[in-house]
Amino acid sequence: MYSFLHKLLSDKKGGEIFTLFGAWHFLYIGLTLFTVIAVLLCFKNKNADLKQKATRIFINIGFGLYILDIFLMPLAYGEIDIEKLPFHACTAMCLMCFLSYHIRFLEKYRRSFVLLGFISNLVYLIYPAGVMWHAVHPLSYRVIQTLLFHSVMTIYGFLTLIFECEKINLRKWYRDLSVIVCMTLWAILGNYVYNGTSDRYSHFYNWFFVVRDPFYAIPESVSPFIMPFLNIALFFTAEIIICLILRGIRGIKTYDK
């Protein structure tokens, strides 16, 4: 049984590979856009409860994909990939969004979790560097799981923000900032603990890009001292811009009524 599952899930090498903005990449982006439009049209005139149930379906799927991957990785790769630990905003915010529906204290931070998760997952969906580095066939489990997870989380984030744009309150900006700061500190902890623990692979973990500039514009010697603050500033600015756009959408909706 193990041999069958390992062969089925392991990376498929040779022949076509998954490439940036290739046909398979555009397929995932297209399916994500199609799903968003379809759900928006289907729930356009539905009440808030039904809209929330629709978004909860997507966070449940995203959470399920993440947990299932932990159990399938040993079958696919022979081990659990440390890179998949929740020290990136994509995975960490998936867990926090899911928990915010079950832990009352976290509920008031849900919009902040959604904002950070939406930006992170959307960026990865557009530029899936982690998948491209492995140069595997588009039908490999690694590609399907990773792109499907980020697509689902992007859909969840977008729909939640659109359906709940009436609740946007810029006076609660400190919640958004505190979540980004906590995510940065969490990523620093992950990088500090796990970097240098693998003798088998010469892999350098750079969760949430707080250790090294992903574009190599900042010298490596000073990156650990600059990137945490730069990340906080960039993500917070992006979130404020999104909130302003959502307020504009809310104003249009109010005007139409």
Side-chain angles (χ1 to χ4, degrees), residues 3-42 54-55 57-94 97 116-162 201 203-209 214-216 238:
S3 298
F4 170 75
L5 291 174
H6 178 68
K7 184 177 180 180
L8 179 67
L9 299 173
S10 61
D11 291 340
K12 295 174 175 59
K13 299 285 186 175
E16 184 179 4
I17 63 172
F18 182 87
T19 57
L20 179 67
F21 300 136
W24 289 95
H25 188 195
F26 278 120
L27 175 64
Y28 281 101
I29 294 175
L31 288 174
T32 301
L33 288 173
F34 174 81
T35 304
V36 166
I37 294 171
V39 174
L40 286 176
L41 291 176
C42 288
T55 56
I57 290 174
F58 286 101
I59 188 58
N60 289 339
I61 293 174
F63 178 77
L65 287 171
Y66 180 69
I67 298 300
L68 180 63
D69 189 39
I70 293 175
F71 288 92
L72 292 181
M73 278 190 286
L75 300 174
Y77 321 126
E79 62 182 358
I80 294 178
D81 187 359
I82 295 177
E83 186 75 48
K84 290 294 187 79
L85 292 177
F87 291 106
H88 266 310
C90 300
T91 49
M93 292 305 105
C94 171
C97 286
L116 182 55
F118 169 67
I119 295 170
S120 302
N121 282 283
L122 178 62
V123 170
Y124 191 94
L125 181 62
I126 294 173
Y127 187 74
V131 170
M132 293 185 298
W133 289 336
H134 291 278
V136 296
H137 194 279
L139 294 179
S140 295
Y141 167 75
R142 185 189 300 275
V143 176
I144 295 173
Q145 192 282 332
T146 307
L147 269 295
L148 186 60
F149 170 81
H150 288 88
S151 296
V152 168
M153 289 306 301
T154 299
I155 294 167
Y156 164 74
F158 186 87
L159 292 177
T160 302
L161 293 172
I162 291 296
Y201 300 108
H203 190 87
F204 184 85
Y205 302 107
N206 189 23
W207 283 299
F208 203 45
F209 310 113
F215 301 106
Y216 299 98

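Numbering starts at 1 and runs along the sequence shown. The structure presented is a predicted model; accordingly, all values stated were derived computationally and were not measured.
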Grab the two heavy atoms, one from C97 and one from I59, that are nearest each other, plus how far apart they are. CB-CD1, 3.7 Å

Shortest non-hydrogen separation from R142 to D81 and the atoms involved: NH1-OD2, 4.3 Å

Atom of K12, atom of S140 and distance for their closest heavy-atom approach: N-OG, 2.9 Å

OG of S120 to CZ of F209: how many Å apart, nearest 0.5 Å? 8.5 Å

side-chain contact (heavy atoms from CB on, under 4.5 Å) evaluation trace for L72 with Y77: CA-CA 9 Å; L72 292 181; Y77 321 126; over 6 Å; no

dist K84:NZ -> F149:CZ (nearest 0.5 Å) comes out at 8.5 Å

Y66 and L85: which non-hydrogen atoms are nearest, and at how many Å? OH-C, 3.7 Å

I'd like to check Y28 versus P128 (side-chain heavy atoms, cut-off strictly below 4.5 Å). Are they in contact? no

Going through the distances and angles, do T154 and Y124 end up as a side-chain contact (heavy atoms from CB on, under 4.5 Å)? CA-CA 10 Å; T154 299; Y124 191 94; over 6 Å; no

Tell me, yes or no, whether the heavy-atom count around K7 atom NZ, taken from other residues, nucleotides or ligands under 6.0 Å, exceeds 12. no

Measure from the side-chain N and O atoms of H6 to the backbone N and O of L75, and report whether any donor-acceptor pair falls under 3.5 Å. yes

For Y127, is there any backbone N or O sitting under 3.5 Å from a side-chain donor or acceptor partner on H25? no

Closer than 3.5 angstrom, by distance alone: can the side chain of W207 be matched with the main-chain N or O of E83 as a donor-acceptor pair? yes

Value rounded to 0.5 Å, distance of CD1 in I61 from SG in C94: 11.0 Å

How long is the gap from CE on M153 to CG on L148, to the nearest 0.5 Å? 12.0 Å

Just do the side-chain contact (heavy atoms from CB on, under 4.5 Å) check on V39 and F58 with the steps written out, would you? CA-CA 11 Å; V39 174; F58 286 101; 4.1 Å; yes

Where at least one partner belongs to residues 118-136, residue pairs that pass salt bridge (charged side-chain N to carboxylate O under 4.0 Å, His left out), sequence neighbours excluded: none

Which label fits F118 and F158: parallel for a plane angle under 30°, tilted from 30 to 60°, or perpendicular past 60°? tilted

If you look at every heavy atom in F71 and P74, which pair is closest and at what distance? O-CD, 3.5 Å

Taking H137 for its side chain and I17 for its backbone only, find out whether a donor-acceptor pair lies under 3.5 Å. no

Do the side-chain N and O atoms of D69 and Y141 include a donor-acceptor pair separated by under 3.5 angstrom? yes

Atom OG1 of T91 and atom CG of L65: how far apart are they, to the nearest 0.5 Å? 13.0 Å

Given Y156 and N121, is the side-chain contact (heavy atoms from CB on, under 4.5 Å) satisfied, shown in steps? CA-CA 10 Å; Y156 164 74; N121 282 283; over 6 Å; no

Closest approach of A89 to L116 (non-hydrogen atoms, all atoms of both residues): CB-CG, 4.2 Å

Inter-residue atom distance F21.CZ - F26.CZ, 0.5 Å rounding: 6.0 Å

